[in-house]
Amino acid sequence: MGIFKLKIVESKGVFFDGECQSLTVPYVDGGSMGFLAHHENCVMPIEAGEMKIIAANGEETDAFVGDGFLEFINNEAVLVCASALRPEDIDLEWAQRTKEQFEEELRQKQSRMEYIESKAGLARAMERIKVKSRHTI
């Protein structure tokens with residue numbers, strides 16, 4: 001299997017910088033998109049959800065990834081996102097409180113923009129909970 005260069009930059013710094021066999025990221029249509037070596041050149045948005053990296057040595061990394069975009073050009077991928085967290089770094093209690101807060105906000109009368117922001121916040125919190133739950137023993 002071929003390898004490609006991957007760099008993931010999130011708001012607090014570099015999350016991953018190295019070679020990998022594959023990358024799977026959440027796509028804006030609710031599904032996911034996979035990348036292997038020599039993928040065709042593209043730039044695409046990603047949404048909050050679960051990401052999976054298989055490094056060149058075969059080591060797998062699962063993580064929550066926030067909204068952002070991915071550029072894949074000449075066998076090099078750069079993913080820029082709001083946040084990237086390994087399951088062990090996700091604070092489940094905080095994510096559940098945040099989820100409840102956004103659910104309450106959605107029950108309140110809001111402007112259209114506030115509604116959209118609350119809905120997006122709720123989706124991010126739910127994805128964090130899902131990633132943490134899926135990878136907790």
* Asked: Going by heavy atoms in the side chains, are P87 and F64 under 4.5 Å from each other?
  -> no
* Asked: Of all residues at least two apart in sequence or in a different chain, which pass the salt bridge (Lys or Arg N to Asp or Glu O under 4.0 Å) check with E50?
  -> R134
* Is there a side chain to side chain contact (heavy atoms under 4.5 Å, CB included) between R128 and L85 once you walk through the steps? -> CA-CA 9 Å; R128 280 187 174 97; L85 296 166; 3.8 Å; yes
* Give me the other members of the hydrophobic cluster that F16 sits in, counting Ile, Leu, Val, Met, Phe, Trp and Tyr linked by side-chain heavy atoms under 4.5 Å, directly or via other members. => F4, L6, I8, F15, L23, V25, Y27, V28, M33, F35, M44, I46, M51, I53, V65, L70, F72, L79
* For G66 against C81, the heavy-atom pair lying closest together -> O-CB, 3.6 Å
* To do: Can you sort out the partners of E104 under side-chain contact (heavy atoms from CB on, under 4.5 Å), two or more places apart, ordered by chain and number?
  => R107, Q108
* Only pairs at least two apart or in different chains count here, so list each ring-ring contact (aromatic ring centres under 6.0 Å, His included) that has a residue in residues 78-130. => none
* Structure fact -> V80 meets the side-chain contact (heavy atoms from CB on, under 4.5 Å) criterion, sequence neighbours left out, with F69, V78
* **For A95 against A125, the heavy-atom pair lying closest together** => O-CB, 3.8 Å
* Asked: NZ of K5: more than 12 outside heavy atoms within 6.0 angstrom?
  -> yes
* Asked: Quick one: side-chain contact (heavy atoms from CB on, under 4.5 Å) partners of I116, sequence neighbours excluded?
  -> R112
* Just grab all the side chain to side chain donor-acceptor pair (under 3.5 Å) pairs involving residues 34-44, residues at least two apart or on different chains. => none
* Structure fact -> Going by chain and number, the hydrophobic cluster around I73 (ILVMFWY, side chain to side chain under 4.5 Å) further includes none
* To do: Could you tell me which residues satisfy side-chain contact (heavy atoms from CB on, under 4.5 Å) with E19, sequence neighbours excluded, listed by chain and number?
  => I3, A56
* To do: Only pairs at least two apart or in different chains count here, so list each salt bridge (Lys or Arg N to Asp or Glu O under 4.0 Å) that has a residue in residues 91-101.
  => K99-E103
* To do: Could you name each residue pair satisfying salt bridge (Lys or Arg N to Asp or Glu O under 4.0 Å) that touches residues 55-78, not counting sequence neighbours?
  => K52-E60
* Structure fact -> Residues pairing under salt bridge (Lys or Arg N to Asp or Glu O under 4.0 Å) where one sits in residues 118-127, two or more places apart or in two chains, turn out to be E127-K130
* Is there a donor-acceptor pair closer than 3.5 Å between any side-chain N or O of S11 and the backbone N or O of A82? -> yes
